[in-house]
Amino acid sequence: MASRRGNAKTREQSDKYSVLLPTYNERENLPLIVWLLVKYFGESGFNYEIIVIDDGSPDGTLQIAEQLQKIYGADKILLRPRAQKLGLGTAYIHGIKHASGNFVIIMDADLSHHPKFIPQFIEKQKEGGFDLVSGTRYRGDGGVYGWDLRRKLISRGANFISQVLLRPGASDLTGSFRLYKKEVLEKLVEQCVSKGYVFQMEMIVRARQLGYTVGEVPISFVDRVYGESKLGGNEIVSFLKGLLTLFATT
Amino acid sequence: MTKLLEWLLGCSLIGMAWGLVTFDLLDLQLPAQYRELAWPMPVYLLVAFGCYSLATVGYRVATFNDCEDAAKELQAQIKEAKAELKKKGLKM
Ligand SMILES: Nc1nc2c(ncn2[C@@H]2O[C@H](COP(=O)(O)OP(=O)(O)OP(=O)(O)O)[C@@H](O)[C@H]2O)c(=O)[nH]1
Ligand SMILES: [Mg+2]
């Protein structure tokens with residue numbers, strides 16, 4: 001602890017980064033992701049806050065979050081729970097309302113998105129003044145872990161089709177590890193109508209449509225270790241529906 | 001303009017150009033070779049695009065990075081995190 005504080009670079013504290021962590025049954029993952037966030041923000045010295053948006057998880061995620069708040073402080077960990085499961089899209093909207101940073105980082109709480117990339121997102125944003133920086137599994141050193149051939153094929157195929165039809169100017173449409181200028185995110189959320197899975201795709205497509213600039217950082221996506229996937233269901237069908245909707249409306 | 005309209009526009013332009021040459025709609029008296037070359041064009045284009053798609057997707061699947069190191073690093077960090085959080089009094 002002492003040594004980590006010693007290593008922390010002091011930076012100009014004009015920028016603040018609000019991390020939105022939507023959780024539903026993530027009691028095992030939440031402490032780990034929070035620990036990692038604290039570690040990497042501590043090492044890089046950026047000013048931050050973590051906003052946990054729990055949707056009444058029956059596994060007691062919120063109780064864990066309360067303990068974490070005691071450990072790391074109420075200025076770093078903010079709890080903005082909702083009584084019931086209202087979906088990922090509205091969880092973001094709810095979280096943004098409570099974000100005090102001028103930048104917002106959106107990521108999954110299931111350890112698929114590693115906080116070690118956040119300093120890279122921030123550097124990238126500063127470097128190009130981007131409105132939005134998106135993590136990408138499909139470029140450079142980016143990649144995945146724990147995917148079989150079938151899943152890789154579906155992922156690459158779906159990505160290819162979306163690239164051809166939408167020409168979105170970003171290589172990872174369905175990834176949800178991104179950094180936004182807060183006002184840009186607010187504007188986008190206002191404009192986006194889709195739910196669930198397609199939401200991420202719509203956000204980046206609309207971003208381009210509105211003339212926002214997009215930077216990309218390659219990320220490694222490690223499949224969740226703990227807990228269950230919430231989206232699952234019929235992902236392919238909802239993806240295709242969403243894709244066609246965007247194709248016809250943007 | 002939506003992407004759908006862009007595509008419709010693009011396709012109809014190509015279709016028109018194809019029709020002009022193949023059926024000599026404007027009576028330009030084009031040489032017969034042009035026509036012969038033009039009429040199977042849509043099929044060639046489709047086949048070429050199909051091959052390009054398959055090759056691209058195939059190549060990208062084959063070269064999709066497996067992030068073994070990232071997974072190992074994460075496992076190690078999970079251990080470290082659990083130990084430290086326990087010390088700080090977190091009850092799972
Ligand atoms: N607040 C809230 N969070 C949610 C809801 N649904 C999912 N989440 C969280 O959103 C993030 C992404 O959900 P996942 O279930 O991991 O979806 P996914 O990444 O497509 O699926 P996996 O393949 O299992 O990783 C996780 O942190 C979830 O806990 C919801 O209805 N409300
Ligand atoms: Mg996930």
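Note on naming: letters A, B, ... go to the chains in the order of the sequence lines (proteins, then strands), and numbering restarts at 1 for each one.
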**Student:** Once you round to the nearest 0.5 Å, how far does CD1 of A/Ile71 lie from CD of B/Glu84?
**Tutor:** 9.5 Å
**Student:** To the nearest 0.5 Å, how far apart are OH in A/Tyr145 and CD in B/Glu68?
**Tutor:** 5.0 Å
**Student:** Quick one: what part of A/Val164 sits under 4.5 Å from any heavy atom of chain B, side chain, backbone, both or neither?
**Tutor:** both
**Student:** Report the option among A/Asp223, A/Asp141, A/Val144 that has the most heavy-atom pairs separated by less than 4.5 Å from atoms of chain B.
**Tutor:** A/Val144
**Student:** Report which part of A/Thr249 has an atom under 4.5 Å of a heavy atom belonging to chain B: side chain, backbone, both, or neither.
**Tutor:** backbone
**Student:** Pick one of side chain, backbone, both or neither for A/Lys116, based on which atoms fall under 4.5 Å of a heavy atom in chain B.
**Tutor:** side chain
**Student:** Check B/Thr2 against A/Ala248 and note the closest heavy-atom contact, atom names and distance.
**Tutor:** CG2-O, 3.4 Å
**Student:** Among side-chain atoms of A/His114 and B/Glu73, is any donor-acceptor pair under 3.5 angstrom?
**Tutor:** no
**Student:** Answer yes or no: does atom CZ of A/Arg208 have more than 12 heavy-atom neighbours from other residues, nucleotides or ligands under 6.0 Å?
**Tutor:** yes
**Student:** Can you name the nearest heavy-atom pair linking B/Leu90 to A/Ile64, along with the distance?
**Tutor:** CD1-O, 4.3 Å
**Student:** Report yes or no: is the cationic atom of A/Arg156 (NZ for Lys, CZ for Arg) closer than 6.0 Å to the six-membered ring centre of B/Phe64, at no more than 45° off its axis?
**Tutor:** yes
**Student:** Among B/Cys67, B/Ala70, B/Ser53, which has the most heavy-atom pairs under 4.5 Å with chain A?
**Tutor:** B/Cys67
**Student:** Would B/Lys88 and A/Tyr72 satisfy side-chain contact (heavy atoms from CB on, under 4.5 Å), going step by step from the backbone distance to the final call?
**Tutor:** CA-CA 10 Å; B/Lys88 291 191 171 175; A/Tyr72 291 112; 3.8 Å; yes
**Student:** Can you tell which of A/Lys152, A/Arg27, A/Arg167 has the highest number of heavy-atom pairs within less than 4.5 Å of chain B?
**Tutor:** A/Lys152
**Student:** Among B/Val57, B/Leu74, B/Leu4, who wins on heavy-atom pairs under 4.5 Å with chain A?
**Tutor:** B/Leu4
**Student:** Please assess A/Leu246 against B/Lys3 for the test side-chain contact (heavy atoms from CB on, under 4.5 Å), listing each intermediate value before the final yes or no.
**Tutor:** CA-CA 8 Å; A/Leu246 288 176; B/Lys3 286 288 180 297; over 6 Å; no
**Student:** For chain B, which of A/Leu153, A/Leu165, A/Asn159 has the most heavy-atom pairs under 4.5 Å?
**Tutor:** A/Leu165
**Student:** Measure the spacing between CD of B/Glu80 and CG of A/Leu32 and express it to the nearest 0.5 Å.
**Tutor:** 11.5 Å
**Student:** Rounded to the nearest 0.5 Å, what's the gap from OG1 on A/Thr250 to CE on B/Met1? Could you check?
**Tutor:** 12.0 Å
**Student:** Could you go through the side-chain contact (heavy atoms from CB on, under 4.5 Å) check for B/Asn65 and A/Phe221 one step at a time?
**Tutor:** CA-CA 10 Å; B/Asn65 281 334; A/Phe221 180 100; over 6 Å; no
**Student:** Go through B/Gln77 and A/Lys39 one step at a time and tell me if the side-chain contact (heavy atoms from CB on, under 4.5 Å) criterion holds.
**Tutor:** CA-CA 11 Å; B/Gln77 287 179 328; A/Lys39 172 181 159 76; 3.8 Å; yes
**Student:** Side chain from CB out, backbone as N, CA, C, O: work out which of these in B/Tyr59 comes under 4.5 Å of a heavy atom of chain A, or both, or neither.
**Tutor:** neither
